[in-house]
Engineer: 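This is the structure I have questions about; it appears just below.
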Amino acid sequence: MGNYDALLVVSFGGPEKPDDVMPFLENVVRGRGVPRERLLEVEEHYQRLGGASPINDQCRDLIEAVRSTVDLPIYWGNRNWHPFLEDTVRRMADDGVRRAAAFVTSAYGSYSACRQYRDDIARARAAVEGAPEIVKLRHYFDHPGFLAAMTDHARQALDRLPAGVREGARLVFTAHSIPVSMAGTAGPEGGLYEAQLRRAAALITDAVGGDRAWDLVWQSRSGAPHIPWLEPDVCDHLEKIDAPAVVLVPIGFVSDHMEVVYDLDVEAAETAERIGLPLVRAATAGVHPRFVSMVGELIAEPEPLACPATCCPAPRRRPG
């Protein structure tokens, strides 16, 4: 496929047992000045759900599914937990890999969704003698495979609603909130993260059909209260929504991160139950056949153009 001799799956990573949770969270926030109290709060979310994130198992499932469609050796490396990206790049070098395509489990453009993964790859290559060239594949928010998977899952979620409220149900698309300043500098001209999410939401809504209303809202904010982040929060939005029922569609995620299973399946579900709002959550793309086949289709595309150096700059960290 193309000029690649391997596929590298790059993901966020997640803890796989209770003792992993705090070391994992410390990796995630290193250098960001996040208060210890916030880490303890998030740790409790993980421990409440068994002390493990589903993301690593879902990466394993995706890799196994992709093996049937991609005739290349497949490697896997994470930003924040085992298998760490640097260790994986070292193994690739030892195996003689010269040029790999990198599929990142993030469909959009922003510092945290794209540029930071590019930086992770560059840092890992710099640490490994004889590291292969690694080409990050393009954003796939509008790829027919991703859209087909999310459309199918949205339809299936609608079918789980009671018949009496299904027709008027509103689609509420969710994505990870980011600082407003980061959103403003996403992409070469700014605003790319929000624009891509709105485009994906509109395309999925059109494919679902029925002239249905939809919203884009945000979840999983983690920053200091005085720093503006994208709003509204999903739970705040549910409190005010005028609809007989809601389908939450987590288009900002391609697999079930802890943010999905806690923020949506616990907090949003509890909010909806308290206010008497029928609510179901659509699945993430996961191992939907069209999403799986999309990976091979991306590899077969012409190599993506390099991003400008000014695209999606790293946020400025405040001292202390």
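Numbers for residues simply follow the sequence, beginning at 1. These figures come from a predicted structure and were not determined experimentally.
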Engineer: Taking atom CD of Glu167 as the centre, report whether more than 12 heavy atoms of other residues, nucleotides or ligands fall under 6.0 Å from it.
Structural biologist: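 No - once you tally the heavy atoms of other residues, nucleotides and ligands closer than 6.0 Å, there are 12 at most.
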Engineer: Which of parallel (below 30°), tilted (30 to 60°) and perpendicular (above 60°) describes Tyr140 and Phe103?
Structural biologist: parallel
Engineer: State plainly whether the residues Arg91 and Asp94 are in salt-bridge range, i.e. N to O under 4.0 Å.
Structural biologist: no
Engineer: Salt-bridged, Arg90 to Glu86, with N to O below 4.0 Å?
Structural biologist: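 Answer for the salt bridge query: yes.
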Engineer: Identify whether Leu279 and Leu161 are in the same connected component of the hydrophobic contact network (ILVMFWY, side-chain heavy atoms under 4.5 Å).
Structural biologist: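 In one cluster with Leu279: Leu161, no.
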Engineer: Is Glu259 salt-bridged to Arg221, going by a charged N under 4.0 Å from an acidic O?
Structural biologist: no
Engineer: Report the C-alpha separation of Glu297 and Arg290 in whole Å, then their side-chain angles, then the decisive distance to 0.1 Å, and conclude whether the salt bridge (charged side-chain N to carboxylate O under 4.0 Å, His left out) test is met.
Structural biologist: CA-CA 10 Å; Glu297 293 165 18; Arg290 280 298 289 118; 3.2 Å; yes
Engineer: Tell me whether Glu239 is salt-bridged to Arg274, with the criterion being a basic N under 4.0 Å from an acidic carboxylate O.
Structural biologist: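 A salt bridge links Glu239 with Arg274.
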Engineer: With respect to Glu133, which candidate in Arg99, Arg125, Arg98 satisfies the salt bridge (charged side-chain N to carboxylate O under 4.0 Å, His left out) definition?
Structural biologist: Arg99
Engineer: Let me confirm one number: the OG-CZ distance from Ser11 to Arg79, rounded to the nearest 0.5 Å.
Structural biologist: 9.0 Å
Engineer: Once rounded to the nearest 0.5 Å, what's the spacing between atom CD1 of Ile251 and atom OG1 of Thr174?
Structural biologist: 7.5 Å
Engineer: Among Arg198, Lys240, Arg170, which residue satisfies the salt bridge (charged side-chain N to carboxylate O under 4.0 Å, His left out) criterion with Asp215?
Structural biologist: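 Of all the options given, the one that passes is Arg170.
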Engineer: Looking only at atom types and distance, does a side-chain atom of Gln58 sit under 3.5 Å from a main-chain N or O of Asp256, one as donor and one as acceptor?
Structural biologist: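 Yes.
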Engineer: In terms of hydrophobic clustering (I, L, V, M, F, W, Y; side-chain heavy atoms under 4.5 Å; direct or indirect links), are Leu238 and Trp229 co-clustered?
Structural biologist: no
Engineer: Return the orientation label for the Tyr262 and His45 ring planes: parallel under 30°, perpendicular over 60°, tilted otherwise.
Structural biologist: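 Parallel, since the angle between the ring planes stays under 30°.
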Engineer: So, Phe141 versus His143, ring centres under 6.0 angstrom or not?
Structural biologist: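 No; His143 has its ring centre 6.0 Å or more from that of Phe141.
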